2 protein chains.
Amino acid sequence: MIEIITTKDIAKIANVSIATVSRVLNNNPNVSEKTRKKVIMAIESLGYEPNLFAKNLAKKNKWNIAIGCTEEVFEGFKDSKNNFYLPIMSGIKEYFSKIKAEIFIFSIEDKKLNISFNDVDGFLLVGGGLKKEDIEFFLKYKKPVVVVDEYVWGLDVDSIVSNGFLGTYNIVRFFLEKGYKKIVYFHFKEKHYSFEQRKLGYEKALLEKDLIPKIYSFQDITDLKNLTKNVMKEKPEIIVTSKDLCAIEIMNILNENKYKIPDDVGVIGFDDLKISEDFQLTTVRVPREEMGNLAAGRLFDLVNGVNPHPIVISLFTKPIIRKSVKI
Amino acid sequence: MIEIITTKDIAKIANVSIATVSRVLNNNPNVSEKTRKKVIMAIESLGYEPNLFAKNLAKKNKWNIAIGCTEEVFEGFKDSKNNFYLPIMSGIKEYFSKIKAEIFIFSIEDKKLNISFNDVDGFLLVGGGLKKEDIEFFLKYKKPVVVVDEYVWGLDVDSIVSNGFLGTYNIVRFFLEKGYKKIVYFHFKEKHYSFEQRKLGYEKALLEKDLIPKIYSFQDITDLKNLTKNVMKEKPEIIVTSKDLCAIEIMNILNENKYKIPDDVGVIGFDDLKISEDFQLTTVRVPREEMGNLAAGRLFDLVNGVNPHPIVISLFTKPIIRKSVKI
DNA sequence: CTGAAAGCGCTTACAG
DNA sequence: CTGAAAGCGCTTACAG
């Protein structure tokens with residue numbers, strides 16, 4: 001049985017009250033240099049570590065959490081179709097509503113905040129396509145930073161992503177096992193970790209069955225029209241693509257060109273947006289509320305100095321089988 | 001400002017004391033069915049959620065945490081050379097020593113524990129090479145399970161791993177940028193997620209430089225002797241391998257065959273075991289204490305019902321440049 | 001600059 | 001089966 005050291009023990013040794021110990025612990029300036037030293041000595045000699053449960057329970061003032069969003073995230077608030085980030089933001093807010101935290105939402109582009117960046121206890125940066133420079137800007141403040149829905153190579157910064165690799169791998173594999181052979185992939189060539197991972201999952205699934213992956217990249221949704229028409233000449237059985245929004249666009253193009261879904265060709269997306277159900281799109285569900293919860297939880301740990309070693313958290317996804325692919 | 005709902009509010013609505021509310025919350029059998037229902041109604045109507053800080057602070061009895069280890073983990077306790085899991089176990093113990101938890105260490109092979117598996121609040125399963133069936137055995141108890149240093153395909157179970165992909169990728173890339181071209185990989189063909197990932201990292205680094213990856217697999221350390229001798233005929237500049245223990249074995253074989261390290265050939269390992277420094281082995285450090293901390297922290301979250309969506313946590317690694325490769 | 005005291009929201013002996 | 005009360009280890013007005 002290990003004895004737990006408390007502020008009381010420190011107070012006794014340093015010959016001060018627990019109030020003073022607490023002040024030293026929280027860098028309160030109203031402590032004389034002499035007592036501060038005494039207390040720090042005691043803390044170090046006993047190897048004291050504060051009890052975070054007690055700390056957070058007793059806390060009166062709040063943690064200041066700054067949540068930076070890319071333009072895409074803001075757009076999602078207005079556009080009911082592309083609402084990928086809405087549940088993520090709810091998940092974040094929900095988590096922080098349960099603890100003593102005040103959140104400040106701001107635009108990563110403008111970088112305008114209601115409080116000084118120096119008074120922020122931690123940053124949450126939300127949005128696929130976040131640039132390295134953006135993240136580095138916030139790293140400068142030497143406060144915890146957690147990136148949501150992006151992972152940038154070469155920066156060992158805490159990141160929360162969905163497991164796009166496994167997600168695509170599993171759903172493609174599911175249809176391969178049903179006997180499908182001609183499954184092609186439309187890769188949205190935007191710089192985003194998730195899109196890269198999803199493509200790799202498709203590749204792996206096909207290679208495992210000794211099939212040759214067919215990956216067609218497109219830069220812009222406008223490219224899709226020609227691409228779809230051209231690829232359809234090769235009579236693919238299923239088109240898999242980087243995200244639901246692209247899948248729906250592809251379905252529209254197919255409709256315009258008199259192709260029947262799923263009879264002539266199947267379509268598979270990724271994300272499981274709200275509208276995807278209306279289109280009966282077979283897709284992969286990204287647990288977005290949970291992603292927000294986890295991101296907030298990770299930041300809260302970091303703010304409290306818990307397990308600070310940087311990590312990548314990736315959430316398992318779930319295949320959603322609807323009618324856009326014959327089964 | 002959101003009003004926080006407490007046991008007090010529930011007590012008032014249900015017309016009972018907060019003690020009774022607490023009893024209902026903790027499934028204490030000493031509550032009449034009638035009051036239990038009243039309290040549950042109140043909880044649901046207000047959407048009450050317990051404050052975990054208060055709960056864990058007030059808690060008198062302990063969480064029972066069962067830590068299952070593979071044989072390899074136990075062997076590491078005796079073998080000072082192969083002590084990969086020692087720091088991981090320290091990290092786990094350290095985390096739990098700070099909270100109200102009692103830990104029970106047991107062998108996954110024997111499955112013999114001092115308490116009933118049913119009284120366990122959560123399982124931590126430690127060891128590369130863990131089998132799917134092993135993990136499924138513990139999943140049966142419907143208690144949180146966290147797997148440490150392994151990830152098993154097809155099971156959406158919480159896992160903590162080191163980022164072997166990025167680790168190898170980065171160190172191989174480092175030497176490629178220094179001008180090295182003939183870098184080969186000795187892949188330890190044991191079923192272990194990490195070894196697979198490390199190999200992929202090597203592959204990616206070479207492909208990016210338009211070099212052809214050369215991967216030689218070996219099943220057993222005894223295979224290494226012939227493999228090393230054969231590969232050396234092709235005059236590689238650096239041999240990269242799956243783990244430090246293999247790297248050291250390779251160094252020994254090279255020495256026996258009168259090859260000079262690093263002049264004739266360089267060697268790179270993975271893990272950064274304690275003995276690796278004695279051999280001046282250039283390697284990749286797996287932050288093992290931190291891995292244990294994070295695993296314990298994740299399990300603790302799950303035990304408390306926090307962010308239960310299953311995730312994979314992967315820790316960033318760090319290249320350790322020593323003298324086994326010319327620089 | 002410092003201490004005594006109230007309070008954060010729970011749990012759990014204790015008494016009935 | 002239930003409630004009043006003490007206590008978990010901190011923080012923070014308040015008073016000096």
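A, B, ... follow the sequence lines: proteins, then strands. Residue 1 opens every chain. None of the values given here were measured: they were computed from a predicted structure.
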Does the [X] side chain pair with the main chain of [Y], one donor and one acceptor, at a distance under 3.5 Å?
X: A:N28; Y: A:V24; answer: no
X: B:K132; Y: B:V152; answer: no
X: B:K100; Y: B:L57; answer: yes
X: A:S159; Y: A:V157; answer: yes

Using a 4.0 Å heavy-atom cut-off across all strands, classify [X] as base, sugar-phosphate, or nothing.
X: B:T6; result: sugar-phosphate
X: B:V16; result: sugar-phosphate
X: A:N61; result: sugar-phosphate
X: B:L52; result: nothing

Do the ring planes of [X] and [Y] sit parallel (below 30°), tilted (30 to 60°) or perpendicular (above 60°)?
X: A:F106; Y: A:F123; answer: perpendicular
X: A:F137; Y: A:Y141; answer: perpendicular
X: A:F300; Y: B:F53; answer: tilted

Hey, could you give me the [atom1]/[atom2] distance between [X] and [Y], rounded to the nearest 0.5 Å?
X: B:N304; Y: B:K55; atom1: CG; atom2: NZ; value: 7.0 Å
X: B:D149; Y: B:Y85; atom1: CG; atom2: OH; value: 3.5 Å
X: B:S107; Y: B:I105; atom1: OG; atom2: CD1; value: 12.0 Å

B:N83 and B:K78: side chain donor to acceptor below 3.5 Å: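 No donor-acceptor contact under 3.5 Å links the two side chains.
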Base-paired stems that DNA chain D participates in, counting runs of 3 or more Watson-Crick or G-U pairs under 3.5 Å: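 As far as DNA chain D goes, consecutive pairing (with distances under 3.5 Å) yields the stems C:1-3 with D:14-16, C:5-12 with D:5-12, C:14-16 with D:1-3.
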For chain A, the stretch of DNA chain C it reaches, first to last nucleotide, under 4.0 Å of its heavy atoms: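 Endpoints of the contacted stretch of DNA chain C: C:dC1 to C:dG9.
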Within residues 23-45 of chain A: residues closer than 4.0 Å to DNA chain D (heavy atoms):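 Within residues 23-45 of chain A, the residues near DNA chain D are A:R23, A:N26.
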D:dT12 and D:dG16, which share atom name C1', separated by this distance in whole Å: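 Nearest-Å result for D:dG16 against D:dT12 at atom C1': 16 Å.
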